[in-house]
Amino acid sequence: MSVSQWDTKIEGDSFMTLKNAGLVGLMTALVACNGENQTVQKSTDDAVDSTPGLADGAYALISVDVTENGEVSSYLRDQMKIITQNRFMFAFYNELTAKVDAGAGYTEWVDGVLVETPIASQDGPIENLSFDLTITATEAGFTQSLKGMKYGERSVNMVEQWKTLSTETTIFDGLWKLEKRSSDKDDWTGFLEMKLIGGGHYIFFQSLVVESRPVKHFAFGSFDVTDSGEALETGITSSIEGYGGSEYLLNMQLTDDNHLTQTFELDGAIVTHTYVRI
C-alpha cells in the first residue's frame, strides 16, 4: 500500500505522530483477543447487498448520540464505514483514548437485525463477539442503533447517523488480509494489515514494529480505477501525518479470485503487498 496502505515514514529516530482529527471521539469499541493472527473463512455471495434495503457502499459518520444513565451526549468524529459483500470495516482516531479505533468482520441479517461479527481490530484478531444493530434507512443514508454497548463496568446505548458517500463498485472490492510484504529498503517487522475496498472508497488498518517500537495506523479515502487499470487512492483521513488530501497511484492486480497484489513506490523503494480475500 503506498504510503497509502500505511507505510509509516520515519524521520530520524522519531515516529510519524498520530493525526489529531480535532473532533471529539467516542470509542465504538471492539474487544481484541490476544493470540496468533487467525481469521475465520466464510464464503462470499457475489453481487449480494449486505443489508436488505441498504445498498453496499461507503458511508461517512454524521453524528453519534450516546445515552448513559438516562443522559444523552452527542459527539462528532471523522469516521468512515464500508459495507460490501457481507463484510464491514470502520476506522477513526479516538480522541478520548488517544489511539486508533478500527475493526473489520462479517455482516448478516437475522430477523431484520444486522448482526456484525468482528474478526479483527487494530489490536489483533477477535473471537466470540457480535453486535446486533438496528438499521433504519434515511434520506441521507441510514441510522444505526446499538443497545447495551459495554465499556468495562459501563453500559451505554448508541445511535449513529450515517450519510452515503458512494455505492460504486470495482473489480477489487472485498475484504483483504495481508499475506506478505516485500521491500528492498525498510526493515519493519510484525507487519499486519487488513483492507476493505467498496463503494468507491477504501479503509485499511495496520500494525508493525519499527526499531522495536509498535506502530498502529489507519487510513481511508476514495478509490478509483484509472483507464490504464491502476488504482488511484485519495486520502481523506488517516493517523499518518500529511496523508489526508494526498493521492497515491497503485499497481493492483487480481492474481485469481481470492488473491490481490499491490505495488507502489515509497521513498525510492518498490514495495509489494500480497493479500488474500477474507
Side-chain angles (χ1 to χ4, degrees), residues 6 21 23-30 48-66 74-95 99-109 113-122 126 129-146 149 158-170 172-176 193-206 217-223 233-239 244 278:
W6 345 46
L23 298 174
V24 177
L26 182 76
M27 191 172 180
T28 299
L30 289 173
V48 175
D49 283 348
S50 303
T51 57
L54 182 64
D56 281 8
Y59 299 87
L61 187 68
I62 300 174
S63 64
V64 183
D65 292 335
V66 179
S74 296
Y75 299 87
L76 300 174
R77 61 176 176 245
D78 197 2
Q79 177 180 351
M80 182 185 289
K81 181 174 187 176
I82 296 176
I83 301 172
T84 187
Q85 300 179 0
N86 300 314
R87 307 294 188 264
F88 78 92
M89 183 178 288
F90 70 86
F92 66 101
Y93 179 69
N94 191 329
E95 286 240 347
K99 71 170 190 173
V100 171
D101 251 323
Y106 306 118
T107 62
E108 179 183 11
W109 278 90
V113 174
L114 181 63
V115 179
E116 289 186 348
T117 303
I119 59 174
S121 76
Q122 75 286 343
I126 297 173
L129 183 65
S130 66
F131 299 99
D132 293 345
L133 306 177
T134 300
I135 302 293
T136 303
T138 64
E139 185 176 347
F142 69 93
T143 296
Q144 173 178 298
S145 301
L146 175 62
M149 170 67 76
M158 300 177 62
V159 178
E160 299 176 346
Q161 302 289 336
W162 295 84
K163 67 177 180 180
T164 305
L165 294 176
S166 174
T167 58
E168 295 180 3
T169 61
T170 74
F172 302 114
D173 288 4
L175 179 58
W176 302 97
E193 179 180 274
M194 294 193 74
K195 179 177 184 178
L196 184 63
I197 302 171
H201 289 75
Y202 68 94
I203 304 173
F204 65 78
F205 59 88
Q206 83 180 180
H217 278 302
F218 81 94
F220 56 73
S222 62
F223 183 90
E233 294 184 347
T234 303
I236 295 176
T237 295
S238 176
S239 54
I278 300 299

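- Of the possible donor and acceptor atoms, one in the side chain of R87 sits under 3.5 Å from a partner among the backbone N and O of I278.
- In terms of heavy-atom proximity, V159 sits nearest to S145 at CG2-OG, 3.9 Å.
- Scanning all heavy atoms of the two residues, the minimum distance from T164 to G141 falls at OG1-CA, 3.5 Å.
- K81 NZ to I203 CD1: the interatomic distance, rounded to the nearest 0.5 Å, is 9.5 Å.
- Residues satisfying the side-chain contact (heavy atoms from CB on, under 4.5 Å) criterion with V115, sequence neighbours excluded, are V110, T117, S130, D132.
- You'll find the side chain of F88 reaches within 4.5 Å of the side chain of P118, heavy atoms only.
- Within the model, atoms NE2 of H201 and CD1 of I236 stand 4.5 Å from one another, a figure rounded to the nearest 0.5 Å.
- Rounded to the nearest 0.5 angstrom, L54 CG and W109 CH2 are separated by 7.0 Å.
- Remark: the Q161 side chain and the T143 side chain contain an N/O donor-acceptor pair separated by less than 3.5 Å.
- Judged by distance alone, the side chain of S166 and the main-chain N or O of G199 form a donor-acceptor pair under 3.5 Å.
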Q. Yes or no on side-chain contact (heavy atoms from CB on, under 4.5 Å) for V64 and Q79, after CA distance, side-chain angles and deciding distance?
A. CA-CA 11 Å; V64 183; Q79 177 180 351; 5.6 Å; no
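- Heavy-atom neighbours of E168 CD from other residues, nucleotides or ligands within 6.0 Å: at or below the threshold of 12.
- Classified by interplanar angle (parallel below 30°, tilted 30° to 60°, perpendicular above 60°), the ring pair Y59/F142 is perpendicular.
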Q.
For a side-chain contact (heavy atoms from CB on, under 4.5 Å) check, start with the C-alpha distance between F172 and F223, then their side-chain angles and the critical distance, and finish with the verdict.
A. CA-CA 10 Å; F172 302 114; F223 183 90; 3.9 Å; yes
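- The side-chain contact (heavy atoms from CB on, under 4.5 Å) test applied to T169 returns D173, not counting sequence neighbours.
- A distance-only check finds no donor-acceptor pair linking the side chain of E116 to the backbone of F131 [under 3.5 Å].
- A distance of 11.0 Å separates OG of S63 from NZ of K163, quoted to the nearest 0.5 Å.
- Take W176 and apply the side-chain hydrogen bond (donor to acceptor under 3.5 Å, both in side chains) test, not counting sequence neighbours, and it matches no residue.
- Looking at heavy atoms from C-beta onward, F220 lies in side-chain contact with T237 at the 4.5 angstrom threshold.
- A distance of 13.0 Å separates CD1 of I83 from CD of Q85, quoted to the nearest 0.5 Å.
- Here the CD atom belonging to Q122 is positioned 5.0 Å from the CG atom belonging to D101, to the nearest 0.5 angstrom.
- If you run side chain to side chain contact (heavy atoms under 4.5 Å, CB included) between I82 and each of I197, D56, L196, only L196 comes through.
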